[in-house]
Each structure stands twice: as structure tokens, then as C-alpha cells.
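Below is one structure; the comments refer to it alone.
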Amino acid sequence: MSNNPAEEKESKNFLEEIIDKDLQEGRHTSILTRFPPEPNGYLHIGHAKSIHVNFGLAEKYKGETNLRFDDTNPVTESVEYVESIKNDVKWLGFEWKDELYTSDYFEQLYQFALKLIRDGLAYVDDSSSEEIAALKGTPTSPGTNSPYRNRTPEENEALFNKMRSGEFPDGHCILRAKIDMASPNMLMRDPVIYRIKHVKHHHTGDKWCIYPTYDFAHGQSDAIENITHSICTLEFMPHRELYNWFIEKLEIFPSKQYEFARLNLSYTVMSKRKLLQLVDDGHVNGWDDPRMPTISGLRRRGYTPAAIREFCKRIGVAKRENVIDVSLLEFCAREDLNKHALRRMVVLNPLKLVITNWDADKVELLESENNPENPEDGERKMPFGRELWIEKDDFMENAPKKFFRLSVGRNVRLKSAFIITCDDVVKNEAGEVVEVHCTYHPDSRSGQDTSGIKAKGTLHWVSVSHAVPVEVHQYDRLFKVNNPADEEGDFKDYINPDSLHVITNAYAEPELKTDAETFSSPRHYQFMRKGYYYPDQTSTPEKLVYNQTVGLRDTWAKMNK
RNA sequence: UGCCCGGUCGUCUAAUGGCAGGACAGCGGGUUUUGGUCCCGUAUGUGGGGGUUCGAAUCCUCCCCGGGCAACCA
């Protein structure tokens, strides 16, 4: 607890201020929000922000949140997406009040349309979409009234009923709201509210052949559910006027729409359309490719719900456009994983090390902590022998002074084992070092070191005769530029060709295989001195495959840039 | 060039007429059997002009810059 009052002053985002005011002034006694995805794609980290805003606000104010599938366009939607969305929201750790579908309100929405028609506020227009577009005007010039604008309510009702009963083919006519063709807001120029689509709907089947548009469905659905705060992204701002118009004319619950800036993340893209292209064109291996900013991709890569939620909390909510540095996401992953990941030793780029004063057939089991951040995780035993694998990077000929690792004549500590001194190397015909020869100091045993020898560096290692071969997938950013959507030309031109690096000949300590055989569900790991890793969904005890979630901070690599 | 929205460290985000603060990134140092973690320190910001005021990031005004708006998408 802080005893400094200044530190306890909590700062609120603009939505919290609105809710505070609404509660204070008695406009509402509790709040109800909704998360309204269209089931036409997988959820991404941008949706996580929206989920966090909607569910988070409700949690904070002891309200609730509905999960509502905004399924007014059956052409692009499917149950597959419905299921993946439910799964992702649950995985992130949020619980919705009701699982709802805009399509559940189709009959009610139809009645709303009828009311508008009878009140002279909607009409059936037989114009083609080209004609409608032509009469719409432009942002700088007013539109022109449709020749069908003055049909009588009776005529309109009869035609609308025929639309519903399937007497017209797709595109034959539409229902429009009758507002103002000269409005400076293009959306108020008699917007289309119902269109004919003879398409089977994933939730309502063949019941309907006319479907409401977003504008005619969203606000009314909010009103039907008594949503107090309908929170959406900035691009819907111009829709607010229309949203309010329908609620006013239909005299229904006055839900209010508020807009915040969507999340953009550096070095990736965040639109479903672009993500779909990456999948369809084979630039990635599906929606859950670990390089994708989708929830399923992040999950497969080893990000945790806690890390993603913390990220959403840290980025805040405001109305200015933003591009969040992906390093913040990575920070949140490391922060969470550091506390929970089991430490294991895995050599990614092996170089053989021989301890010349260790008997060839002698093996000792050395204990090493599973997680120094959490002693309750205990220890495991690692076999130590005469021949070990170490990282190629951990040896250098003619090493500079700042190099704290192995070089002829220098000492290092082998983590949880002994201090060794490098005596000699073996080279191949090309002059490359293929073997490093060292002597170990018996009195430097980990935990009971009486040698007095100083070692500046500590290396991870794996016993050659006990090593388990594993496959490791290393990832880099998917794009070469900070904001691909901002660049000239096709965003796909900026894809990083080296975003995936598959290592097939890495060696792991045997405990990792034991884990795979024992644990009922995958665990998060830190491969010591390398990074955080998570078993890929294709991994089996016979063929172990790990995805790099995020690397450890590496100040040595930074120094060498 | 019509209407709407926005502009605070490199990137986000606070400060709601009263000392421009925090986080990530950066830089420097300490601890360390992970060049990790942890700890300490440090540089960097109110788009510009004018006005109101004892006092302006905050209010007014003009300008500049960025974004959105002409799907039977959401």
C-alpha cells in the first residue's frame, strides 16, 4: 500500500469518465456493454483490445457484457468463425452474460422497418446500385432524390412484404430510410436498410431472403438488449448520427454509441481483409500461424492470456490514432513468462565440447532449479558427461575483452555444473572450429564451489549422449516496415522473407522429452539464455517441436550492433 | 477543396486553469551460476502564431499537419 496520496490518484480514460457521469447523474444505475464481432474471420489482437475495453469496463463497474454476433451478411459468415470467436474470448478469460445473434432479432427488425414505412420514413427503391450511387452525390455536393422516393406507405409496405416473401431476385430493389439527400453526412442520404439476398444464413437457415444492413441492425440490437454503452472504433463515428436517428424514430431504448481508436501494432497488419490475404496467398500457414497477430496465432506461439490482458491494460484507450510498438507486447509476454516458465537447457546451434579430464563412461546427475523466480517449482536432474553440446556462439577465437564466454585460455561456468578452462580446439579442413577441448575443475561444483576461480560467463549445455533432438521454430517480425498499411503500393511487398527460421538439429536436455510424456497439457518454457518457447500443436514426444514465443533481452547482441 | 474527428517525450498514455508525470523503447550503472530477472540513475515532449488570465497542454482565434466520409461490408 502506498502512503503517498498522489500515487493513489487513479487516472481514468474517457469512457470511464462518461460512465462515471452517467452513473452520477442517474442516467443508468448499472452498465451493460456488448462485444459485437461479425463471424467472418478470426479474432486478432485488435479485437483483444475491444474485448478488454468492453468486458473490462463492465467488470470494473460491476456490470455485464453480451457476446453478440453481428451476423447480418450471410455471404461472408460461417459457424466456423462463430466457434473460433467464442473459443478465443473464453481463452482470454472473459465471461459473457448472453450469447446473442443479431439474426435472432430479424423479425423484430422487420417490424421496425414496417413502422418506418408506415410513418413515411422508409421507401422501396427499384433503382440499381449504380443508379443509387450516382444519385448519392459526393462529400462536396448534395445528392438527388430517387424517383421512387414518393411512393405511398401502402405501396411501400406491399412491396416490402413481397421482398420478404421472395418474389424478387437479388438486387431487384432495396428498402431505404427517407432522411435527407443533401445531408453533409453521406450516411444520412437515404441509407439502404434492407437488401435481398437469397442466401442461406448460418444461424437462421432459409428463413429469410432479405437482410438488414449494419446500420439498421446494430443500434436497434443494442436497444433491444438495453445496452447502455455501445463502444466501437473510430471509423463508425459518422454512423452515430444515423444510429441515433433510428433510435429516435423507433422510440426505443436510447443506447449511446462511443468511439475509440483501434489498435495498430508495429511491423504487422491488423485488418481482417489483409490477414485473409496473407492466409489465402500462402504467406503464412493459416490464421493460427504463430507470426499472425491473431489470437489463435499468438496462443500457438506461446503468448498467455495474462500477457495479452496486461498489454491491453497498458496501451490505454483514447481517440487518437496510434501504432503501438510491438516491443510492449513482447515486454508483457516476458514479464508473465519469466514468472511461470520452466527453465530448460536447449542448444540451438550445437558445437561439441570435450572435457578431457572427465572419464568417457562417467555420468553424473546434476540438479538444476526449474524456475529461480519460483522455488516451489523445484529442481530436475541433468546428466553430465565427457562430451557436451554448447552453442556455437558461445565460443570465439580471438575474442575481445568484453566477450565473457569461451575462448582458448579462458574460464566459464557451465550452468549448474562446473567451471571449465578451455585448452584447445579441433578444426576441420575449412579451418572451422568443430570441437572445443576443456578441463573441468572438480572443486568448482555448483553450490559447493571452493575453487576460488572466477568465471565471468555462464553457459548452458546438454550432454551429447543424453541429448534429445528437437525442432525449434524461430520467428522474426512478419513485415520489414513499421506500418505496412501506410506504405506505397501493395502491403505484401513489405513482407519479411525471413520471418520463419526452422532449426531441425537442436539438442535438448532429456527432461524436455519427459515433460512431453508426462504433462497433460503443454507448458511454457524458458530455454535458458535463449528465450521463451512453447510446444507447437503438432509436437509429439517422438518429434518435439517448439515455437519461440519471444527471445530474452540480449544486451550482448545489442552491444554488437 | 464540403462535413466530421484528432494532434503531449522515439512509441503509447496521464495532467480537465496551478511544478508536464508514468510505461515501453534508448542510454549509464549495481546485483547475478541465465549478458535473463531485479535494483538505481539519466536524456528526450505540449504542431505554429495571436489572444484571455496573476497563471494556459488545458479556454478563444487563425493557421499547419494527420485521419475519416461517395459497399445493397461491418
Each nucleotide N or O in nucleotides 7-9 of chain B that has a protein N or O under 3.5 Å away: list the pair and distance.
from	atom 1	to	atom 2	distance (Å)
B/G7	OP1	A/R320	NH1	3.1
B/U8	O4	A/R320	NH2	2.8

Every protein N/O lying under 3.5 Å from an N/O of nucleotides 20-24 of chain B:
from	atom 1	to	atom 2	distance (Å)
B/A23	O3'	A/R314	NH1	3.4
B/A23	O2'	A/R314	NH1	2.7
B/C24	O2'	A/S327	OG	3.2

Under 6.0 Å between the ring centres of [X] and [Y]?
| X | Y | value |
| --- | --- | --- |
| A/Y533 | A/Y546 | no |
| A/Y194 | A/Y211 | no |
| A/Y214 | A/H239 | yes |
| A/H201 | A/F106 | yes |
| A/Y534 | A/H524 | yes |

Does A/S446 make a side-chain donor-acceptor contact with the base of B/U33, cut-off 3.5 Å?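 In this structure, the two groups form a donor-acceptor pair.
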Can you say whether a donor on the side chain of A/R413 sits under 3.5 Å from an acceptor on the base of B/U33, or the other way round?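 Indeed, a donor on one side and an acceptor on the other fall under 3.5 Å apart.
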Among B/U1, B/U33, B/G35, which is the nearest nucleotide to the side chain of A/K415?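 The answer is B/U33.
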Would you mind telling me which of B/C27, B/A74, B/G36 lies closest to the side-chain atoms of A/K558?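 Among B/C27, B/A74, B/G36, the one nearest the side chain of A/K558 is B/C27.
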Give the stems involving RNA chain B, where a stem is 3 or more consecutive Watson-Crick or G-U wobble pairs (i with j, i+1 with j-1, and so on) under 3.5 Å.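 Correct response: B:2-7 with B:64-69, B:10-13 with B:21-24, B:26-30 with B:38-42, B:47-51 with B:59-63.
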Could you list the protein-to-nucleotides 39-46 of chain B atom pairs, N/O on both sides, closer than 3.5 Å?
none

Measuring to OP1 and OP2 of B/G36, would you say a side-chain N or O of A/T555 lies under 4.0 angstrom away?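 Looking at the OP1 and OP2 atoms of B/G36, one of them is under 4.0 Å from a side-chain N or O of A/T555.
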Please report the distance, rounded to the nearest Å, between CE in A/M188 and C1' in B/C4.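 These atoms are roughly 13 Å apart.
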Between atom NZ in A/K319 and atom P in B/G67, what is the gap in whole Å?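 About 19 Å, once rounded to whole Å.
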So, is B/A23 syn or anti if syn means the angle is within 90° of 0?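 The base of B/A23 is oriented anti (glycosidic angle more than 90° from 0).
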Quick one, A/W208 and A/Y110 - any side-chain contact, counting heavy atoms below 4.5 Å?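 They are in contact (side-chain heavy atoms under 4.5 Å apart), so the answer is yes.
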How close do [X] and [Y] get, heavy atom to heavy atom, and via which atoms?
| X | Y | answer |
| --- | --- | --- |
| A/S368 | A/M382 | CB-SD, 4.2 Å |
| A/R176 | A/D125 | NH1-OD2, 3.0 Å |
| A/I45 | A/L263 | O-CD2, 3.6 Å |

Show me the protein contacts with nucleotides 29-32 of chain B, counting only N or O atoms at under 3.5 Å.
none

Sugar-phosphate, base or nothing in reach of A/M237, heavy atoms under 4.0 Å: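 The residue A/M237 makes sugar-phosphate contact but no base contact.
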Under 4.0 Å, heavy atoms only, any strand: does A/K530 hit a base, just the sugar-phosphate, or nothing?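 Nothing, no heavy atom under 4.0 Å.
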Short N-O contact, A/K319 and A/E259, less than 4.0 angstrom: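 A salt bridge links A/K319 with A/E259.
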Would you list the protein and nucleotides 69-73 of chain B atom pairs, both N or O, that sit under 3.5 Å from each other?
from	atom 1	to	atom 2	distance (Å)
B/C72	O3'	A/R195	NE	3.4
B/C72	N4	A/S129	N	3.4
B/C73	OP2	A/R195	NE	3.1
B/C73	OP2	A/R195	NH2	2.6
B/C73	OP2	A/K197	NZ	3.2
B/C73	O3'	A/R195	NH2	3.2
B/C73	O2'	A/N73	ND2	3.3

Provide the distance between the two P atoms, one in B/U31 and one in B/G36, to the nearest whole Å.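 Roughly 13 Å separates the two P atoms.
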